[in-house]
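Scroll down for the structure; my scribbles are underneath it.
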Protein chains: 2
Amino acid sequence: MKKLKEKSVPLRTRGKRGPRPRNSVTLKMVAREAGVSASTASRIINRTVNVSDELRLAVEAAIAKFNFRPNAAARGLALGKTLTIGVISQAMDSPFYGEGLRGIEQRLQQRGYAPLFMSGNWQEKEEIRCMEELINRGVDGIIMFAGCLGDAALKAYARKVPIVVTGRLLRAKGLVSMQVDDRLGANLAMRHLLDLGHRRIAFVAGFENHPDANERLAGYRSALAAAGIAFDPQLVNAGDFHEEGGMRAVYQLMDSNINFTAMFCVNDQTAYGACLALFRKGMRVPDDVSVIGFDDLPSSTYRVPPLTSVRQSVQHLGVCSAEAILELIAGRKPQITLPPVELVVRESTGRAAR
Amino acid sequence: MKKLKEKSVPLRTRGKRGPRPRNSVTLKMVAREAGVSASTASRIINRTVNVSDELRLAVEAAIAKFNFRPNAAARGLALGKTLTIGVISQAMDSPFYGEGLRGIEQRLQQRGYAPLFMSGNWQEKEEIRCMEELINRGVDGIIMFAGCLGDAALKAYARKVPIVVTGRLLRAKGLVSMQVDDRLGANLAMRHLLDLGHRRIAFVAGFENHPDANERLAGYRSALAAAGIAFDPQLVNAGDFHEEGGMRAVYQLMDSNINFTAMFCVNDQTAYGACLALFRKGMRVPDDVSVIGFDDLPSSTYRVPPLTSVRQSVQHLGVCSAEAILELIAGRKPQITLPPVELVVRESTGRAAR
DNA sequence: CCGGTTTCTGCAACCGGTTTCAGGGATGCT
DNA sequence: AGCATCCCTGAAACCGGTTGCAGAAACCGG
């Protein structure tokens, strides 16, 4: 039975193995066509070393002829990198995240990277799942776009893969964080309302422990203090960063007969909800109540009336975070400066009524 | 100088090659820990064959101990599949696409697949770039979510990789298409306006050669015909599926002193623009002009006033297309039925004024 | 007690690239 | 001419998994 003493006989004669699902134009085929070895072809493609013009042209011709494009998985395996960046956001259909994701995609594409998006749906557990999945897939870096994962967990992950996180400030090795100046933005908004003569200004907050939300609340309070107006807790309502939260806040204020002539909302979506609730209650914006948001989403330009907001260019934030993760991967210290927040005055704010 | 006649001496003793960027827990390490070979470990992980309970437990323990997760690139290379689906849309920050993408992501995730999103920005050239890039990356299938790539090119790609395309109907091998019933939707919208007594109904169209847009226009015309109203080309204006197009249409109509009491817009974003332009012109919605959209984007619920629209559940369309691509990959014939379009009456439409 | 199955396991080929190393040819210098 | 250098190029190891094949062990009946 042991007829083969020579066990290392090559099995190449064996029939084709699995199905070959991809229409594979391989490097070898290109090399053979050009009359060179695979190594040389690879070197020409990656411009690793100089080769004679003759061979270069031959290989380039073969590539063009076959329309060859190197297999990304194989290259990723060999190089230990995938040219893919994992991006964790909360929901793709949120206008806020959509804009940021667009910025990320745009910048990454310019550098030959592709984003792999995953959504955490505002749940820490889901975010962890995303993290693990992205790491398995061998992404070269991860952008955590305004997530709710704890700082400690994030730091732990940062030891396995470069991470950029937005919406909070955090220092750790292999991690870069960036946050817009929420407090300044809130101050701009409040100063605008105060300048218009408003004194009873309501604030619709976000989730309790959300860093951005807290900073904006802090800005609200400091602006009031600077204007010599006492802080009235009745004027502050919890929201959820969505339209529903804005609506609930308005109903609550009005049902409690709390007086106010202006509302500062933690983000634009909240402001949209507030506007709708005011409309339902028969109040006109801005004649009866001024409303101001935060983020300046693209759609805010087209609201009726167009919404006054604090612009933070979420798209630009996306671009910057993409830039940062690439720098981090390259082993450099990212030196990113976010554009300043600015007030965009439109038609949802006006002089105080009384 | 030729001291080695034996050229096939293994080079394993050579120092570590490239940097090893990933925190690599490899299959081999797990296998060694469990006291088995890599093959056995692989078989246990994939449940390819039965192995003794003893070994199974040992391997499982080792996996847990190291928190091992197989490298996706390597597995993809070996298997010829990547558990990744390419998704081409036009822009991530569009509420329309955002919703669809969310549906796709949701469904794919349940099946262990991950979506790789790329945006074509409404340009055929970009879509081609996306296609090529996705194919290079070895995605197992591609979902083309309402793109503008030509039918012929699409069919050609379908021979290389399974494709699902939405927004048009197309028959080809390895390709599945799905389209909502635009004509019926347009009919529903028009019947609603006609029932409210409107006779001069403007239509804001989309791009010229866009299948969805054309179908909706056809529905507009057929509904008019059914009601015995002559088609007036003056009432039809070109749009761009965005707010700007809706605004331009309103300005054009009013500057030309063309009479109308209602507007049917090719999609919700166009309707948003129309509402804003009407507001600027001092017209009230719905008292002076009724406005109806198409898509029923989530934000339409929160417009002031809330927008009447034709619901097509873009998210569900996303879910269905994800379902279809998975079926296609599995070699089955997808049998998908889209939910019917339906009219959602809100407050932007009312009885005709005169 | 022995040959024939059946079940399990390991070796090594393979996926498609990248990269090290060594060898050959051309060139430079004495 | 002789020898060290430098530049190119190809063979083969390697990335981290999967899997065909065959050998070993366990099981079975006669």
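Proteins get letters first, then strands, A, B, ... in listed order; numbering begins at 1 in each. Given the structure is predicted, the values throughout are model-derived calculations rather than measurements.
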Could you pick out which residue, B:S39 or B:A74, lies toward the 5' side of DNA chain D when each is mapped onto its nearest nucleotide?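 The 5'-side residue here is B:A74.
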Between D:dT19, C:dG17, D:dG16, which nucleotide gets closest to the side-chain atoms of B:N71?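 Taking heavy atoms from C-beta onward, the closest nucleotide is D:dG16.
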From C-beta outward on A:L77, which listed nucleotide comes closest to its side chain: C:dT18, C:dA12, D:dC15?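 Nearest listed nucleotide: D:dC15.
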Rounded off to whole Å, could you give me the [atom1]-to-[atom2] distance for the [X] and [N] pair?
X: B:I44; N: D:dT19; atom1: CD1; atom2: P; value: 15 Å
X: B:L79; N: C:dC14; atom1: CG; atom2: P; value: 17 Å
X: B:L57; N: C:dC8; atom1: CG; atom2: C1'; value: 16 Å
X: A:K81; N: C:dG16; atom1: NZ; atom2: P; value: 22 Å
X: B:N46; N: D:dT19; atom1: CG; atom2: C1'; value: 10 Å
X: A:I45; N: C:dT19; atom1: CD1; atom2: P; value: 12 Å
X: A:R47; N: C:dT19; atom1: CZ; atom2: C1'; value: 18 Å
X: A:R137; N: D:dG16; atom1: CZ; atom2: P; value: 18 Å

Rounded to the nearest 0.5 Å, how far does CG of B:L116 lie from CZ of A:R137?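 Here the interatomic distance stands at 9.0 Å.
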As a quick check of understanding, evaluate side chain to side chain contact (heavy atoms under 4.5 Å, CB included) for A:V87 and A:E105, giving each step before the final call. CA-CA 10 Å; A:V87 180; A:E105 183 194 19; over 6 Å; no
What I want to find out is whether [X] reaches [Y] closely enough, with some N-O distance under 4.0 Å, to be called a salt bridge.
X: B:R129; Y: B:E132; answer: no
X: A:E33; Y: A:K65; answer: yes
X: A:E99; Y: A:R102; answer: no

Filtered N/O pairs between nucleotides 7-9 of chain D and protein, under 3.5 Å:
residue : atom : partner : partner atom : Å
D:dT9   : OP1  : A:S52   : OG           : 3.2

Could you tell me whether the side chains of B:Q106 and B:Q315 share a donor-acceptor contact shorter than 3.5 Å?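 On atom types as modelled, these side chains qualify, holding a pair under 3.5 Å.
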Below 4.0 angstrom from OP1 or OP2 of D:dT18, is there any side-chain N or O of B:R75?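 Yes, within the criterion.
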Check whether more than 12 heavy atoms from other residues, nucleotides or ligands sit under 6.0 Å from atom CZ of A:R168, and answer yes or no.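 Enclosed.
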Verdict with supporting geometry, A:M92 and B:F117, side chain to side chain contact (heavy atoms under 4.5 Å, CB included): CA-CA 11 Å; A:M92 312 228 49; B:F117 294 113; 3.4 Å; yes
Which dot-bracket string describes DNA chain D (Watson-Crick N1-N3 plus N6-O4 or O6-N4, or G-U N1-O2 and O6-N3, all under 3.5 Å; [ ] crossing; | other strand)? ||||||||||||||||||||||||||||||
Would you say A:S321's side chain and A:L317's backbone share a donor-acceptor pair under 3.5 angstrom?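 Such a contact is found between A:S321 side chain and A:L317 backbone.
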